[in-house]
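Chain letters run A, B, ... following the sequence lines, proteins first and then strands; every chain starts at 1.
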Amino acid sequence: MPELPEVETIARSLAKRISGDVIESVWLGSKPEPLKSPAAEIAATLQAKRISTVRRAGKHIVFDLESARGVSSPAQWIVHLGMTGSLLVCGPGVEPATHTHAVLQLASGRELRFVDPRRFGRLSVIENFKAPGSEPLQIAFDGFLALFRKRKTPIKSALLNQSLLSGVGNIYADEALFRARIRPRRRASSLARDELRRLHNALKRVLREAIRLGGSSVSDYVDADGAEGFFQLKHRVYGREEKPCLVCKTAIKRIVIAGRSSHYCPRCQK
DNA sequence: ACTATGTCCTGCGAGC
DNA sequence: TGCTCGCAGGACATAG
């Protein structure tokens, strides 16, 4: 489900709602699948901690923890939502959704629930988490250029590689490439400097606008308040196979690159 | 070191 | 109505 704009939206709504709240108890589902750290370690790290901040790093949600007396702790709870994960703040009376894998009881009386049908999401605790790639909204153009200059892989695959850029997923890769007028199968190393300039700018514009609109709700994505995003209304190629290009009316094509569907306009994108 | 492919899961809609 | 198939916002392991 979630790429950078969706994760940013979720992190902001969580920060607004549960910053300062204290984790009183932790329940983790019996299937250990979604746990990257041992269940006992996660429970022990979260227990009795105050959530000082919630923020995004790449596609990860980072909960900064402190001891309930306010002493900051290096420990962080890291949640990766995979394809279908969601974090919901709700009252204790609300019936838990199927595929609820973790429930945190908060001192305010509310619960923070992690729900994930496909179980591609991951929970872990770690000290001083750092996402591997660069933040696309932070990296300067020189750094952006250096990431791709020597890669022979298609630019679409390079954009999805989280150790290069952190946070770009399938929707925003396609949308940025359309706006930069670059075909997804082009080898990254074949892109001229001005093409990479367009791509860098297009990616930043697309991500910023998507954050402003609360992300893309393609099937069932909602933020921690249950609110939908609206960027899906601005998609120009993603999910528009065979529909007319909004610029030139040519039918949008769908191809598969690295196992992921990729959408582009064969006329606008070179 | 880089690149391509398969696999992990459940659920939904299309087509028969 | 009920089935089978293909597809889905992601990231790893593995093989070349």
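- Results of the side-chain contact (heavy atoms from CB on, under 4.5 Å) test with D223(A) over L87(A), L14(A), L88(A), T9(A) single out T9(A) as the only residue that passes.
- Electrostatic pairing of E8(A) and R55(A) does not count as a salt bridge here, judged by no charged N lying under 4.0 Å from a carboxylate O.
- In DNA chain B, runs of at least 3 consecutive Watson-Crick or G-U pairs, each pair with both distances below 3.5 Å, span B:2-8 with C:10-16, B:10-16 with C:2-8.
- Salt-bridge formation is not detected for the pair D225(A)/K16(A): no Lys NZ or Arg NE/NH1/NH2 atom is positioned less than 4.0 Å from an Asp or Glu carboxylate oxygen.
- Under a 4.5 Å side-chain heavy-atom cut-off, the cluster of Ile, Leu, Val, Met, Phe, Trp and Tyr residues that includes W27(A) is completed by V103(A).
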Trace of the ring pair (Phe, Tyr, Trp, His ring centres under 6.0 Å) decision for Y238(A) with Y264(A): CA-CA 8 Å; Y238(A) 182 83; Y264(A) 72 100; over 10 Å; no
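- The side chain of K152(A) lies closest to dT3(B), out of dT3(B), dG10(C), dA4(B).
- Using a 4.0 Å cut-off, some side-chain N or O of R254(A) falls inside it from OP1 or OP2 of dA8(C).
- Between the CG atom of D174(A) and the P atom of dA8(C) there is a distance of 11 Å, rounded to whole Å.
- Look at CG on D116(A): it is 18 Å from P on dA8(C), rounded to the nearest Å.
- A salt bridge links E175(A) with R179(A); the closest basic N to acidic carboxylate O contact falls under 4.0 Å.
- Close to dG10(C), at under 4.0 Å from its OP1 or OP2, lies no side-chain N or O of H80(A).
- Note on S157(A): nothing from the nucleic acid sits closer than 4.0 angstrom, heavy atoms only.
- To the nearest angstrom, P of dT3(B) lies 18 Å from CZ of R260(A).
- H99(A) has no side-chain polar atom (N or O) that falls below the 4.0 Å cut-off from OP1 or OP2 of dC9(B).
- Using cut-offs of 30° and 60° on the angle between ring planes, the pair H60(A) and H80(A) is perpendicular.
- Between R118(A) and dG11(B) there is no side-chain N or O to OP1 or OP2 distance below 4.0 Å.
- The P atoms of dT14(C) and dC9(B) are separated by 15 Å, rounded to the nearest whole Å.
- In this structure, F231(A) reaches neither bases nor backbone, as no heavy-atom distance under 4.0 Å exists between it and the strands shown.
- In this structure, K36(A) atom NZ and dC8(B) atom P are separated by 19 Å, rounded to whole Å.
- Taking 4.0 angstrom as the limit, K150(A) places none of its side-chain polar atoms (N or O) nearer than this to OP1 or OP2 of dC2(B).
- Remark: of the listed residues R187(A), R149(A), R186(A), R183(A), R186(A) is the sole one forming a salt bridge (charged side-chain N to carboxylate O under 4.0 Å, His left out) with E195(A).
- The R151(A) side chain lies nearest to dT3(B) when the options are dA8(C), dT3(B), dG10(C).
- Atom CD1 in I10(A) sits roughly 12 Å away from atom P in dG10(C) (whole-Å rounding).
- Of the candidates dT10(B), dA4(B), dG10(C), dT10(B) carries the atom nearest the R119(A) side chain, counting heavy atoms from C-beta on.
- Ranking dC2(B), dG11(B), dC9(B) by closeness to the P117(A) side chain, first place goes to dG11(B).
- Counting to the nearest Å, the P atom of dC7(C) and the CZ atom of R240(A) are 20 Å from each other.
- Across all strands shown, P154(A) has heavy atoms under 4.0 Å from sugar-phosphate atoms exclusively, and none from any base.
- G169(A) comes within 4.0 angstrom of sugar-phosphate atoms only, judged by non-hydrogen atoms across all strands, and of no base.
- The shortest distance between the side-chain N/O atoms of K59(A) and the OP1/OP2 oxygens of dA11(C) is below 4.0 Å.
- As a whole-Å value, the separation of N161(A) CG from dC2(B) C1' is 10 Å.
- The interatomic distance linking F120(A) (CZ) with dA13(C) (P) rounds to 15 Å, in whole Å.
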